[in-house]
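Atoms considered below: every heavy atom in the structure, side chains included; atoms not considered: hydrogens, waters and symmetry mates. A quick note: this is a predicted structure, and the numbers were derived from the prediction, not measured.
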Amino acid sequence: MEIASNLVREMVRPKDDIDQIKIEKPGFINFYLSRSSAIDELKDILGQKNKFGCSTIGKGKKVQIEFVSANPTGPLTVAHGRQAAIGDSLARIMENCGYKVTREYYLNDEGVQMNILGCSVKARFLEAIGEGSGFPENGYKGDYIYEIAREMKDRAKKDTPDKSFADYAYKQIMTTIKKDLDDFGVHFDVWYSQRKLSESGKIKKALAILKDKGFLYEKDGATWFASTRFKDDKDRVVIKNDGSFTYLAPDIAYHKEKFEKGYKKVINIWGPDHHGYVNRMKAACQALGFDKDNLSILISQLVTLYRDKKPMKMSTREGEFITLRQVIDEVGKDAGRFFFMMRRTDSHLDFDLELAKSKSMDNPVYYIQYAHARIASIGKFSEGAKPDVRNLHLLDKPEEISLIKNLMRYPKIIQTAANNLEPYILLSYLQELASLFHSYYNSYRVVTDDNNVTGARLSLIKAVKAVLFSGLSLLGVNAPEKM
């Protein structure tokens with residue numbers, strides 16, 4: 001406290017910017033901005049127009065965000081929906097901060113899962129033509145398998161190989177996945193095929209590099225990656241004793257290619273079942289000579305859907321799961337994206353379907369959108385009055401100054417969301433801003449008998465509207481003009 005007192009006593013205080021300086025235990029020094037400095041900031045915000053909140057902290061650095069990357073063996077689930085909302089919003093935020101972002105989807109279009117898909121569809125096809133001989137124990141049991149099998153009735157015969165069923169099913173499922181993502185406002189720059197990666201020989205080349213560096217060894221007929229040398233909890237098999245690759249092998253080659261393309265930051269968004277995969281992937285990148293800190297892996301935690309306050313049971317193995325399409329159809333794109341981001345990425349999320357589709361102020365996305373629409377309505381019916389920055393000094397209510405100070409935080413909020421790879425930070429800020437606006441609206445008339453005051457207040461809410469629009473856009477959520 002004594003040090004703080006000495007510091008404050010020696011400070012040169014800008015007359016117009018700082019209203020007061022207070023010392024709080026155990027030695028914090030709090031600076032309180034003056035009303036005049038807040039008014040100057042509001043003028044600057046209005047002058048920047050739609051550029052307010054943009055920054056150049058990314059300096060044009062190339063960033064790749066790989067997300068969703070669901071196996072093309074079935075429709076996208078709510079878990080994939082959360083990854084899609086987070087990944088796309090993060091990409092928008094980072095682009096807003098001056099990064100050059102590539103959105104990428106990794107297609108696991110070969111191997112065991114594709115073989116199981118082919119067997120599953122063929123089994124249902126044989127059932128449909130009366131030649132059924134049992135369903136594979138580990139097969140995919142969703143209704144979509146029946147639908148694809150029915151589509152194959154006029155395209156296949158009893159002796160049609162499993163691969164033909166797998167190829168047809170893959171194309172149909174990918175068409176569905178791309179349509180769902182498009183309707184969810186998510187678009188990818190690159191669709192990366194594992195099949196093509198395997199055909200290119202890049203997997204063997206990547207493993208050869210690790211072998212030359214002494215990071216591969218043979219044991220029990222298999223080839224192991226010595227990932228414990230890079231703080232993984234155990235070494236990992238990359239080539240099985242039957243000569244086939246494990247999942248890790250193509251992933252090593254894929255990440256090698258990512259960095260060789262010149263990406264300064266590589267971001268992966270994975271589901272919770274991949275949590276144990278993080279250390280081995282970072283170990284592989286480090287073994288290849290890349291900086292492991294340039295690889296960020298975000299774990300998007302589980303989503304529990306609630307209907308009538310009760311959790312909905314889901315079992316992927318039995319084909320009983322809620323698809324992203326069902327969520328979009330029930331609550332819409334905006335509510336779907338918003339609700340998927342209502343907790344931090346690494347936190348479990350409870351998704352209330354009834355709340356998400358309600359037209360009430362209890363619905364957080366409706367609450368924010370309504371603030372934007374309410375401001376648009378005020379501007380439309382302001383009886384000819386217009387925003388006027390010449391009289392901003394008339395904004396003297398505590399609620400007005402609080403709104404301005406909150407607006408001033410917006411650029412830093414976006415930068416913090418980008419630096420922390422966390423869209424939730426922006427979402428939380430928009431909730432706070434909307435709350436401040438609704439409180440202000442309920443306390444004061446914007447359009448008054450005093451044209452000068454009206455012009456100043458219209459200017460203030462114009463800035464609020466612009467930030468709400470900008471923030472919602474970065475989350476991939478619409479900002480309606482009327483509701």
Side-chain angles (χ1 to χ4, degrees), residues 51 53-70 80-107 181 184-194 197 202 206 250-271 274 277-279 281-286 288-300 337 340-341 344-346 410-427 429 470-477:
K51 295 296 183 181
C54 298
S55 73
T56 58
I57 63 170
K59 299 179 180 178
K61 291 179 183 176
K62 290 179 63 177
V63 173
Q64 186 218 56
I65 305 180
E66 182 229 319
F67 59 108
V68 183
S69 297
H80 301 131
R82 188 178 191 198
Q83 294 167 37
I86 292 168
D88 184 66
S89 297
L90 179 58
R92 292 170 187 243
I93 290 168
M94 296 191 77
E95 285 171 338
N96 189 80
C97 290
Y99 292 94
K100 188 176 181 181
V101 180
T102 298
R103 298 162 172 82
E104 188 153 315
Y105 188 117
Y106 182 79
L107 287 163
L181 290 170
F184 204 48
V186 177
H187 308 280
F188 287 90
D189 304 301
V190 177
W191 298 82
Y192 192 99
S193 166
Q194 181 177 310
L197 176 66
K202 292 178 180 177
D251 279 342
I252 291 173
Y254 177 44
H255 282 73
K256 174 177 177 290
E257 186 172 329
K258 289 186 181 194
F259 284 110
E260 289 178 342
K261 286 180 178 178
Y263 293 114
K264 301 301 180 184
K265 186 79 172 174
V266 171
I267 302 167
N268 297 338
I269 301 178
W270 294 345
H274 287 75
Y277 211 75
V278 174
N279 288 340
M281 200 66 256
K282 282 184 171 285
C285 290
Q286 199 172 354
L288 288 168
F290 304 114
D291 187 343
K292 64 182 177 65
D293 292 333
N294 290 336
L295 171 64
S296 294
I297 300 175
L298 311 180
I299 300 298
S300 173
R337 287 186 66 126
F340 278 133
M341 292 183 283
R344 292 186 179 276
T345 302
D346 60 0
Y410 182 57
K412 190 66 176 178
I413 288 292
I414 297 177
Q415 292 175 29
T416 303
N419 290 335
N420 288 276
L421 310 180
E422 185 55 83
Y424 169 77
I425 293 171
L426 173 57
L427 182 148
Y429 166 81
S470 173
L472 287 172
S473 297
L474 293 179
L475 296 179
V477 176

side-chain hydrogen bond (donor to acceptor under 3.5 Å, both in side chains) with [X]: which residues, sequence neighbours excluded?
X: Gln83; value: none
X: Ser296; value: Lys265
X: Gln194; value: Tyr106, Glu110
X: Ser55; value: none

> Would a 4.5 Å heavy-atom cut-off, applied to side chains only, mark Val101 and Ile65 as touching?
Replying inline: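 Yes, at least one pair of side-chain atoms sits under 4.5 Å.
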> Is there side-chain contact between Ile425 and Thr416, with at least one heavy-atom pair below 4.5 Å?
Replying inline: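 With C-beta onward as the side chain, the pair touches.
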[atom1]-[atom2] distance between [X] and [Y], expressed to the nearest 0.5 angstrom:
X: His255; Y: Asn268; atom1: NE2; atom2: CG; value: 4.0 Å
X: Ile267; Y: Leu90; atom1: CD1; atom2: CG; value: 5.0 Å
X: Leu107; Y: Leu197; atom1: CG; atom2: CG; value: 12.0 Å
X: Leu427; Y: Ser89; atom1: CG; atom2: OG; value: 9.0 Å
X: Leu474; Y: Ile413; atom1: CG; atom2: CD1; value: 12.5 Å
X: Leu421; Y: Ile86; atom1: CG; atom2: CD1; value: 11.5 Å

Looking only at heavy atoms, which two atoms of [X] and [Y] are closest? And how far apart?
X: Cys285; Y: Leu295; value: SG-CD2, 3.8 Å
X: Gly87; Y: Ile269; value: CA-CD1, 3.4 Å
X: Ile297; Y: Met281; value: CD1-CB, 4.1 Å
X: Tyr254; Y: Glu104; value: OH-OE2, 2.8 Å
X: Val68; Y: His80; value: CG2-O, 4.1 Å
X: Gly471; Y: Leu426; value: O-CD2, 3.7 Å

Not counting sequence neighbours, which residues clear ring-ring contact (aromatic ring centres under 6.0 Å, His included) with [X]? List them please.
X: His274; result: Trp270
X: Phe340; result: Phe351
X: Tyr263; result: none
X: Tyr99; result: none

Kindly write out the residues that satisfy salt bridge (charged side-chain N to carboxylate O under 4.0 Å, His left out) with [X], not counting sequence neighbours, or none if the list is empty.
X: Lys258; answer: Glu66
X: Lys261; answer: Glu257
X: Lys256; answer: Glu260

> Is there a donor in the side chain of Gln415 and an acceptor in the side chain of Tyr410, or the other way round, less than 3.5 Å apart?
Replying inline: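 The criterion, which ignores hydrogens and geometry beyond distance, is not satisfied for Tyr410 and Gln415.
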>> Using a 6.0 Å cut-off, check whether atom NZ of Lys264 has over 12 heavy atoms from anything other than its own residue.
In response: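 No - once you tally the heavy atoms of other residues, nucleotides and ligands closer than 6.0 Å, there are 12 at most.
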> What pairs meet the salt bridge (Lys or Arg N to Asp or Glu O under 4.0 Å) rule with one or both residues in residues 87-97, with sequence neighbours excluded?
Replying inline: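 Only Asp88-Arg92, Asp88-Arg103, Asp88-Arg337, Glu95-Arg103 qualify under salt bridge (Lys or Arg N to Asp or Glu O under 4.0 Å).
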>> Would Ile93 and Ile414 count as a side chain to side chain contact (heavy atoms under 4.5 Å, CB included) here? Give the steps.
In response: CA-CA 7 Å; Ile93 290 168; Ile414 297 177; 3.9 Å; yes
> Between Tyr192 and Tyr105, does a ring pair (Phe, Tyr, Trp, His ring centres under 6.0 Å) hold up when you go through it step by step?
Replying inline: CA-CA 6 Å; Tyr192 192 99; Tyr105 188 117; over 10 Å; no
> Step by step, would you call Val266 with Val63 a side chain to side chain contact (heavy atoms under 4.5 Å, CB included)?
Replying inline: CA-CA 6 Å; Val266 171; Val63 173; over 6 Å; no
>> Any side-chain to backbone donor/acceptor pair from Asp291 onto Asp293? Under 3.5 Å, distance only.
In response: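 Yes, the answer is positive, given that a donor and an acceptor are paired below the 3.5 Å cut-off.
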